[in-house]
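As structure tokens, the structure follows; a few thoughts come after it.
Residue numbers begin at 1 in each chain, while the letters A, B, ... track the order of the sequences.
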2 protein chains.
Amino acid sequence: MASIRDVAKKANVAACTVSRVMNGTANVAPETRQKIEDAMKELNYIPNELARGMFRQKSGTVAMLIPSIRHPYFSNLAHCIESKLYEKGYKLMLCSTDGQIEREREYINILKTNIVDGVIMGVSDLEDNEYQQFDKPMIMLDYDAGKKLPIVVSDHEKGGRLAAEKFMESQCRYVIHIGDRELSKVESYKCHTALAHALNAAGIENRFIEIKWNEFDFSGYLEIAKTILEKYPQVDGVMAADIQAAAFLKAALKLGKKIPDDFALVSYDGTYVADVNLVNVTSIIQSADKIGDKTVEILLKLMAGQKLTKRKYLIDVVRKDGETTK
Amino acid sequence: MASIRDVAKKANVAACTVSRVMNGTANVAPETRQKIEDAMKELNYIPNELARGMFRQKSGTVAMLIPSIRHPYFSNLAHCIESKLYEKGYKLMLCSTDGQIEREREYINILKTNIVDGVIMGVSDLEDNEYQQFDKPMIMLDYDAGKKLPIVVSDHEKGGRLAAEKFMESQCRYVIHIGDRELSKVESYKCHTALAHALNAAGIENRFIEIKWNEFDFSGYLEIAKTILEKYPQVDGVMAADIQAAAFLKAALKLGKKIPDDFALVSYDGTYVADVNLVNVTSIIQSADKIGDKTVEILLKLMAGQKLTKRKYLIDVVRKDGETTK
DNA sequence: TTGTACGCGTTATCAG
DNA sequence: CTGATAACGCGTACAA
């Protein structure tokens, strides 16, 4: 591995001159520059980013923690964020916790060791103070950890209202909505409270059911959907995250329900899973693009030492009407 | 940021003693140890991984290049690899190229700068020598770049044969198979040659159609599927990657074809996309788990300076029969 | 315009 | 058992 000194020696200059040529930090005589550039080529010189990072106390890398990279919502979000970071000259370190709290904690500790310049938290099973104690720039997604921690999040209240509208238009009488964490700090829980609020106001019965984060097992979700539909035969409307919604769709059809006449379905998130199905599912779409852009934008500001103008950034959601509602 | 010297000063010892306590590289008197541990706690000391990495010329990070993290096959594979790496104490840097050759090249250049200890190449649009010139441990996935570059890949010939069996059992007369790169160095292309070979031997007409890597646009795939089915009305069998297969399923049903009587479908890859659909699609499953395990295993060997016993590692594939074939 | 000397945080070596 | 010193590769005052 050729170092900057090897290049300097070959070009008969000092190491710092080589550095200057690379970074354009000072004027260098054209001939000297040429000599150095030749030497670099000849030695196939590649600067050591680790050493650079050590000097400027920066690694040029950002970490993103998520529960699982194979979950369509997070894989989509990770994609958007990675693209944006790449554009800005940053690399992405991806950390899946698999829903294990210990793993989340361990990752956070690893990330304290200067290998990343900032963190995007797409998972949140720790106590608030554990996030607050993290002393590098950090952005929370979908979880309000209080204090000065900035949060980027979809407008889930609107999401809940948009779903409610569709259940009303479909003349539903009993709606079930599925979520994985009943916790007010989890912002996405607001789509459930908003939905319930709107349905109650319209005199439509509804019930929230919690299904634990399940490492991604469709047949498991299918079983749960069947069980729920059998336990509550009067149900004529369901809202659930994309994959769970697909499970309900399949289960409802198996039980002979007519869609959307007997049964309305709204899928939350709006990843491609809602498109790929044979039936176009009505869905509330979180814009991964916009979330990613905003997240990276404010993370860059923080890493540059700037202050943010606000703590919470709300991203618009939209509804895409499909064949599962009237 | 407290450094090791700050700790040393506070404990009235030399920096190297602190280092010894942290790494257990030598015996330290219990009292000295205690003093140092107290000082570390008090200063909230966290070792700088960047400096450590610089010293031992290792970063503890592995990069994986893939075309897109939101593609279900790659997101699943990335998940398996990240898990395995985490288990072994390595971090994963994820690099999406979006199918852009320039971006692949740029990423490779970035990765030469010592920020990763090894690379897993899940994308391959460059010339073989560009991979060969990369002087860190590198494992190729699904692409044979020649020379000494190790490759981990599914047994695509078996995959093709397994698919052929199903088309025969379904009494197909004209099978279309969709791929994205007709190139013998791309190992997955072998599923097409094997399929064609088996079908030809059985006297079944078949045709390979190339569809370019399309940044993940289901409606686009749906249009293509429709066009193909209209252009070749005699087609009664299709093999395609999961998402494209879903598009064909939808298009075929729209055209009034009965499945599996008029039309047989085999989906290649076997990600959850094949499960989530209303109809269970017969699919050839690449084991992301096994690919991930083997890839990490041999990458670790290379990074430890060991030699590999062979260059090509073949991973078994299986077929999961669904409702889209007889 | 160019070179010298030092610091970034850690660890290995060698001496005591 | 412990400390001083050098080294990893690079960037920047400061001096020439």
>> Measuring from the side chain of A:Phe55 (C-beta onward, heavy atoms only), which nucleotide among C:dG7, D:dG3, C:dT2 has the closest atom?
In response: C:dG7
>> Between P on C:dT10 and NZ on B:Lys9, what's the gap in Å once rounded to a whole number?
In response: 14 Å
> For B:Met54 and A:Cys16, take the nucleotide of DNA chain D holding the closest heavy atom to each; which residue's nucleotide lies nearer the 5' end?
Replying inline: B:Met54
>> Both B:Val28 and A:Asn48 contact DNA chain D. Which one's nearest nucleotide lies toward the 5' end?
In response: B:Val28
>> In whole Å, I'd like the distance from the CG atom of A:Leu50 to the C1' atom of D:dC10.
In response: 11 Å
>> Of the options D:dG11, C:dG3, D:dG3, whose atoms approach the side-chain atoms of A:Ala14 most closely?
In response: C:dG3
> Atom CD1 of B:Ile115 and atom C1' of D:dG9: how far apart are they, to the nearest Å?
Replying inline: 15 Å
>> Could you walk me through whether A:Met303 and A:Val62 satisfy the side chain to side chain contact (heavy atoms under 4.5 Å, CB included) test, starting with their C-alpha distance in whole Å, then the side-chain angles of each, then the deciding distance to 0.1 Å, before giving a yes or no?
In response: CA-CA 10 Å; A:Met303 294 192 302; A:Val62 164; 3.9 Å; yes
>> More than 12 heavy atoms of other residues, nucleotides or ligands under 6.0 Å from NZ of B:Lys9: yes or no?
In response: no
> Separation of A:Arg20 atom CZ from D:dT12 atom C1', in whole Å?
Replying inline: 9 Å
> Would a 4.5 Å heavy-atom cut-off, applied to side chains only, mark A:Met140 and A:Tyr131 as touching?
Replying inline: yes
>> Tell me whether the side-chain N/O atoms of B:Gln57 come closer than 4.0 Å to OP1 or OP2 in D:dA7.
In response: no
>> Let's see if you can work this out: which of D:dG9, C:dC8, C:dT10 has an atom nearest to the side-chain heavy atoms of B:Ser3?
In response: C:dT10
> Are OP1 or OP2 of D:dG3 and a side-chain N or O of B:Thr17 less than 4.0 angstrom apart?
Replying inline: yes
>> Just to be sure I understand the rule, does A:Val13 reach a base, reach only the sugar-phosphate, or reach nothing, if contact means heavy atoms closer than 4.0 Å?
In response: sugar-phosphate
> Over how many whole Å does the gap from A:Asn114 atom CG to C:dG9 atom P extend?
Replying inline: 9 Å
>> I want to verify a distance call: between D:dT2, D:dG11, C:dT10, whose nearest atom is closest to the A:Arg56 side chain?
In response: D:dG11
> Once you round it to whole Å, what is the distance between P of D:dC8 and CG of B:Asp117?
Replying inline: 19 Å
> Judged by atom type as modelled, is there a donor-acceptor pair below 3.5 Å linking the side chain of B:Asp38 to the main-chain atoms of B:Lys35?
Replying inline: no
> Between D:dC10, D:dA4, C:dG9, which one does the side chain of B:Arg5 approach most closely?
Replying inline: C:dG9
> Of all the nucleotides listed (D:dT12, C:dT10, D:dC10), which has the minimum atom distance to the side chain of A:Tyr45?
Replying inline: D:dC10
> Using a cut-off of 4.0 Å on non-hydrogen atoms, how would the nucleic acid contact of B:Asn23 be classed: base, sugar-phosphate, or nothing?
Replying inline: sugar-phosphate
> Please walk me through it: do A:Asp117 and A:Arg56 pass salt bridge (charged side-chain N to carboxylate O under 4.0 Å, His left out)?
Replying inline: CA-CA 11 Å; A:Asp117 301 336; A:Arg56 35 175 103 114; over 6 Å; no
>> For a quick test of reading the model: is some side-chain N or O of B:Thr32 closer than 4.0 Å to OP1 or OP2 of D:dT2?
In response: yes
>> Does either side chain, that of B:Gln286 or that of B:Asp269, offer a donor lying less than 3.5 Å from an acceptor on the other one?
In response: yes
>> Tell me the interatomic distance from B:Glu49, atom CD, to D:dC8, atom C1', rounded to whole angstroms.
In response: 15 Å
>> Could you tell me how far apart A:Asn27 (CG) and C:dT2 (P) are, to the nearest whole angstrom?
In response: 9 Å
